[in-house]
Amino acid sequence: MKLLHTQENAFSLSNIQNLIEAEGIPTLIKNQHLGAGSGEMPHFETWPELWVQNESDYPKAKAILDTILERLAAPGEAWKCGACGEENDASFEICWQCSKER
């Protein structure tokens with residue numbers, strides 16, 4: 001096993017795990033319940049960790065993770081709905097006015 005990523009938000013880490021496993025890479029999350037020890041232990045050591053089970057899958061998993069993190073960091077651009085013409089913020093995947101997909 002090899003450590004791929006760690007972060008404070010367990011929900012976001014689970015989403016990343018799901019995206020990586022959808023590509024056929026088995027993973028495991030460790031330290032899911034250590035948050036209660038924060039204060040008694042160094043804060044960063046209580047964060048959940050995403051591990052790749054097979055080290056040979058690590059390069060592919062790392063590439064997927066890098067793509068995910070780049071998308072999260074990119075501000076994105078607003079888009080205009082092709083159905084109703086409404087201007088939507090980049091964070092919307094569905095038009096807020098007419099509910100059509102981007």
Side-chain angles (χ1 to χ4, degrees):
M1 287 194 351
K2 187 167 183 175
L3 177 63
L4 178 65
H5 186 62
T6 184
Q7 68 179 60
E8 186 174 22
N9 187 324
F11 180 74
S12 293
L13 194 64
S14 292
N15 285 338
I16 292 170
Q17 179 188 33
N18 290 337
L19 293 169
I20 291 173
E21 287 192 344
E23 296 296 322
I25 300 171
T27 63
L28 176 70
I29 293 181
K30 291 184 174 184
N31 300 346
Q32 286 179 293
H33 306 289
L34 281 183
S38 187
E40 297 294 320
M41 299 172 63
H43 183 67
F44 296 112
E45 289 183 23
T46 65
W47 286 10
E49 300 172 341
L50 180 62
W51 290 73
V52 176
Q53 290 187 16
N54 303 315
E55 282 195 39
S56 61
D57 290 329
Y58 182 84
K60 183 178 178 185
K62 178 72 169 125
I64 294 167
L65 174 65
D66 289 345
T67 301
I68 293 167
L69 296 177
E70 283 175 20
R71 287 182 185 160
L72 291 174
E77 294 182 21
W79 58 280
K80 186 176 277 196
C81 178
C84 71
E86 184 66 34
E87 188 80 19
N88 292 278
D89 191 59
S91 62
F92 289 98
E93 292 297 321
I94 297 174
C95 176
W96 72 270
Q97 180 69 27
C98 70
S99 301
K100 295 291 181 182
E101 289 188 27
R102 189 174 194 166

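We count residues from 1, following the sequence as given. Only heavy atoms go into these numbers, but all of them, side chains included; no hydrogens, no water, no symmetry mates.
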- line: d(Asp66 CG, His5 NE2) to nearest 0.5 Å is 10.0 Å

statement: Nearest heavy-atom approach of Trp79 to Lys100 is CH2-O, 4.4 Å

query: Do Asn31 and Thr6 have side-chain heavy atoms sitting under 4.5 Å apart?
result: no

- request: Ignoring hydrogens and angles, tell me if any N or O in the side chain of Gln53 forms a donor-acceptor pair with the backbone of Thr27 under 3.5 Å.
  value: yes

message: Would you say Leu4 ends up clustered with Leu72 if hydrophobic residues are merged whenever their side chains have heavy atoms under 4.5 Å apart, either directly or through other cluster members?
response: yes

Heavy-atom donor-acceptor pair, Asn9 side chain to Gln7 backbone, under 3.5 Å: no

- prompt: Do Trp47 and Leu3 share a hydrophobic cluster, counting only Ile, Leu, Val, Met, Phe, Trp and Tyr and linking them when any side-chain heavy atoms are less than 4.5 Å apart?
  reply: no

query: Can you name the nearest heavy-atom pair linking Ala61 to Val52, along with the distance?
result: CB-CG2, 3.7 Å

query: Do Leu65 and Met1 belong together in a cluster built from hydrophobic side chains that touch within less than 4.5 Å?
result: no

message: Assess the residue pair Asn54 and Ser56 against the criterion (side-chain hydrogen bond (donor to acceptor under 3.5 Å, both in side chains)); give the C-alpha distance rounded to whole Å, side-chain angles, the decisive distance to 0.1 Å, and a yes or no.
response: CA-CA 5 Å; Asn54 303 315; Ser56 61; 5.5 Å; no

- prompt: Can you tell if the side chain of Leu50 reaches within under 4.5 Å of the side chain of Ile20, non-hydrogen atoms only?
  reply: yes

field: Validation row: Leu13, Ile29 side chains within 4.5 angstrom (heavy atoms)
entry: yes

query: Shortest non-hydrogen contact from Arg102 to Ala90?
result: NH1-O, 3.4 Å

statement: Shortest non-hydrogen pair, Glu87 vs Trp96, comes out as O-NE1, 3.7 Å

task: Say whether Ile16 and Ile25 are linked into one hydrophobic cluster, either directly or through other cluster members, by side-chain heavy-atom distances under 4.5 angstrom.
output: yes

- request: Flag the pair Gln97 / Cys81 as yes when at least one side-chain heavy-atom distance between them is below 4.5 Å, and no otherwise.
  value: no

